Amino acid sequence: MAFNTGAALMDALVLSIVSQESTYGYKITQDVRSVMEVSESTLYPVLRRLQRDECLETYDREFAGRNRRYYSITEKGSARLEMYRQEWKVYEEKINHVLFGGIGNE
């Protein structure tokens with residue numbers, strides 16, 4: 001992707017993915033990678049920060065003889081996701097206005 005991505009966008013994507021189902025870090029990374037370039041080394045600090053901010057909680061479950069850490073969204077995380085979604089709508093409208101003909105055509 002040619003556009004820089006900030007922490008808020010990364011947080012919004014992770015919260016959105018986890019809001020659909022509790023899931024584990026590798027799967028979250030793959031889901032985020034489907035829309036933007038990101039490495040696991042970038043994503044895991046995001047997961048830890050969201051957990052520290054009480055937006056995500058974790059639990060471990062055995063999978064193929066190993067423990068796998070799962071992430072689930074909290075009530076606080078759901079509220080933050082809703083805020084990000086509302087802010088994205090406004091941001092998207094402003095960007096589309098500039099990119100697709102609003103500025104200078106009024």
Side-chain angles (χ1 to χ4, degrees):
M1 175 178 238
F3 300 104
N4 189 7
T5 56
L9 179 57
M10 186 69 69
D11 288 359
L13 290 173
V14 168
L15 289 171
S16 182
I17 290 164
V18 176
S19 74
Q20 296 170 38
E21 65 175 334
S22 294
T23 190
Y24 53 98
Y26 180 77
K27 173 112 172 38
I28 296 168
T29 301
Q30 296 308 307
D31 290 347
V32 171
R33 281 183 177 163
S34 72
V35 295
M36 63 188 291
E37 292 292 322
V38 64
S39 67
E40 286 182 45
S41 63
T42 299
L43 187 66
Y44 281 98
V46 172
L47 291 169
R48 284 192 296 276
R49 184 181 66 249
L50 289 170
Q51 184 180 359
R52 188 176 54 246
D53 290 348
E54 300 176 344
C55 293
L56 294 177
E57 53 191 15
T58 63
Y59 60 93
D60 293 338
R61 182 178 292 164
E62 186 179 333
F63 177 80
R66 297 177 46 193
N67 272 342
R68 182 181 273 175
R69 176 149 295 166
Y70 283 79
Y71 296 85
S72 59
I73 197 164
T74 63
E75 192 173 312
K76 186 175 181 179
S78 293
R80 185 174 295 182
L81 175 58
E82 186 55 35
M83 179 203 64
Y84 283 141
R85 286 176 171 165
Q86 294 304 314
E87 288 184 12
W88 179 260
K89 288 178 186 177
V90 172
Y91 179 75
E92 180 184 31
E93 285 179 24
K94 288 178 181 180
I95 295 298
N96 285 343
H97 184 71
V98 173
L99 285 178
F100 300 108
I103 301 297
N105 294 331
E106 300 168 350

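Just so you know, these numbers come straight off a predicted model, no measurement behind them.
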Check: Which heavy atom in Arg33 sits nearest to a heavy atom in Glu40, and how many Å separate them?
Finding: NH2-N, 3.8 Å
Checklist line | Non-hydrogen atoms of Ile17 and Ile28 that approach each other most closely | finding: CD1-O, 4.1 Å
Checklist line | Stepwise side-chain contact (heavy atoms from CB on, under 4.5 Å) check, Leu50 with Val18 | finding: CA-CA 11 Å; Leu50 289 170; Val18 176; over 6 Å; no
Next item on the list: Find out whether Gln86 and Val90 are in side-chain contact, i.e. whether some heavy atom of one side chain is under 4.5 Å from a heavy atom of the other.
Entry: no
Check: Tell me, do Arg68 and Asp60 make a side-chain contact under 4.5 Å, heavy atoms counted?
Finding: no
Notebook entry, point to check: Minimum heavy-atom separation for Arg80 to Asp53, with atom names?
Noted result: NH1-OD2, 3.5 Å
Notebook entry, point to check: Gly25 and Tyr71: which non-hydrogen atoms are nearest, and at how many Å?
Noted result: N-CE1, 3.9 Å
Next item on the list: Take the angle between the ring planes of Tyr24 and Tyr70 and call it parallel below 30°, perpendicular above 60°, tilted in between.
Entry: perpendicular
Checklist line | From CG (Asn67) to CZ (Arg61), nearest 0.5 Å | finding: 11.0 Å
Check: Which pair of heavy atoms, one from Glu54 and one from Lys76, lies closest together, and at what distance?
Finding: O-CB, 3.5 Å
Note to self: Does atom OH (Tyr44) have a neighbourhood of more than 12 heavy atoms from anything else shown, all under 6.0 Å?
What the structure shows: yes
Margin query: Which heavy atom of Tyr84 sits nearest to which heavy atom of Leu15, and what is that distance?
Written below: CE1-CD1, 4.0 Å
Next item on the list: Decide yes or no for Arg48 and Pro45: does some side-chain heavy atom of the first lie under 4.5 Å from some side-chain heavy atom of the second?
Entry: yes
Next item on the list: Kindly check if the number of other-residue, nucleotide or ligand heavy atoms within 6.0 Å of OH (Tyr59) is above 12?
Entry: yes
Notebook entry, point to check: Is the number of heavy atoms from other residues, nucleotides or ligands under 6.0 Å of Glu75 CD greater than 12?
Noted result: no
Notebook entry, point to check: Do you reckon Trp88 sits in the same ILVMFWY cluster as Phe100, going by side-chain contacts under 4.5 Å, direct or chained?
Noted result: yes
Check: Can any side-chain N or O of Ser19 pair as donor or acceptor with the backbone N or O of Ser16 at less than 3.5 Å?
Finding: yes
Note to self: Restricting to salt bridge (Lys or Arg N to Asp or Glu O under 4.0 Å), what partner residues turn up for Arg49, sequence neighbours left out?
What the structure shows: Asp11
Check: Atom CG in Leu81, atom CG in Leu13: separation rounded to 0.5 Å?
Finding: 10.0 Å
Next item on the list: Find the distance between OG1 (Thr42) and CE (Met36) and round it off to the nearest 0.5 Å.
Entry: 9.0 Å
